[in-house]
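Data first, discussion second: the structure below is written as structure tokens.
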Amino acid sequence: MRQGVDEALREHVLALLAAYPDGVLPIVQAGHPVLRTPAVPYAGQLGDALPSFLDAMRATMRAAPGVGLAAPQVGLGLAVAVVEDPGAPDVDDDRERSPLEYRVLVNPRYEVVGEETRTFFEGCLSVHGWQAERTRAHAVRLTGQDEAGEPFDDVLTGWPARIVQHETDHLRGELYLDAADLRTLSSTLGVARLPGAGN
């Protein structure tokens, strides 16, 4: 990963982190233009500010709470995301929600593996309070780099595959609602009352 520090961007991030010393950043909501603009590939722009920014993204994701967070969701149009899900391996449902250990996704891309799909309710921290059914690939091949610039090439299935699709789509300027069945759009409270529902 090429190292090219953008001092103005780095200073902006440091100021943002200083404004929220607990590390929990505000999450921008649908309607903000950063969510509709493809993220710039990460090439070292943040320099030594990257670890602190990633720590804040992780804290923000956990506080929300959520299972993934892309940099545009905190107002920064760089192709970086974090994911983590404790999973629900003991729950007998079709989501295949196996645990997904905390990891950083830098410049991630995914390719669909096979033709199998699954349809479930999906939500987003940037579309607060709402969920809708979204059909996604059951398995994907995820490529990119980690926070140290080391490449990864993994195949994920089930709920972890859905999480990385959702976060990678954010970096393309997309929201899950773009391909959701809007006839199923429901408040989060309403979805929680449905049999077998949940995040």
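If you're wondering where the values come from, they're calculated on a predicted model, not measured in any experiment. All heavy atoms count here, side chains included; hydrogens, waters and symmetry mates do not.
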Salt-bridge test for [X] and [Y]: reply yes if a basic N is under 4.0 Å from a carboxylate O, no otherwise.
{"X": "D169", "Y": "R172", "answer": "yes"}
{"X": "D178", "Y": "R36", "answer": "yes"}
{"X": "R103", "Y": "E84", "answer": "no"}
{"X": "R109", "Y": "D153", "answer": "no"}
{"X": "E133", "Y": "R183", "answer": "no"}

- Query: If you draw a 6.0 Å radius around CD in E101, do more than 12 non-hydrogen atoms from other residues or ligands fall strictly inside?
  - Reply: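 No, the 6.0 Å shell around CD holds no more than 12 heavy atoms from other groups.
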- Is the number of heavy atoms from other residues, nucleotides or ligands under 6.0 Å of E115 CD greater than 12?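 No, not enclosed.
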Only pairs under 3.5 Å count here: list side-chain donor-acceptor contacts from residues 17-25, not counting sequence neighbours, and write none if there are none.
{"residue": "D22", "atom": "OD1", "partner": "V24", "partner atom": "N", "Å": "3.0"}

- Query: Quick one: is the NZ or CZ of R58 closer than 6.0 Å to the six-membered ring centre of Y102, and within 45° of its axis?
  - Reply: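 Checked: cation-pi criterion met.
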- Indicate whether the side chain of Q29 and that of S126 have a donor and an acceptor atom separated by less than 3.5 Å.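 Absent: no donor and acceptor within the cut-off.
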- Query: Got a sec, which residues hit side-chain contact (heavy atoms from CB on, under 4.5 Å) with A79, two or more places apart in sequence or on another chain?
  - Reply: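 For A79 the side-chain contact (heavy atoms from CB on, under 4.5 Å) partners, ignoring immediate neighbours, are A39, N107, L171.
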How many angstroms lie between [atom1] in [X] and [atom2] in [Y], if you round to the nearest 0.5 Å?
{"X": "W130", "Y": "T184", "atom1": "CH2", "atom2": "OG1", "value": "11.5 Å"}
{"X": "T117", "Y": "H138", "atom1": "OG1", "atom2": "NE2", "value": "10.0 Å"}
{"X": "L105", "Y": "F152", "atom1": "CG", "atom2": "CZ", "value": "5.0 Å"}
{"X": "Q165", "Y": "Y176", "atom1": "CD", "atom2": "OH", "value": "15.5 Å"}

- Verdict with reasoning, E122 to H166, per side chain to side chain donor-acceptor pair (under 3.5 Å): CA-CA 9 Å; E122 190 168 321; H166 181 114; 2.6 Å; yes
- Side-chain cluster (under 4.5 Å, hydrophobic types only) that L35 belongs to, other residues: V28, V34
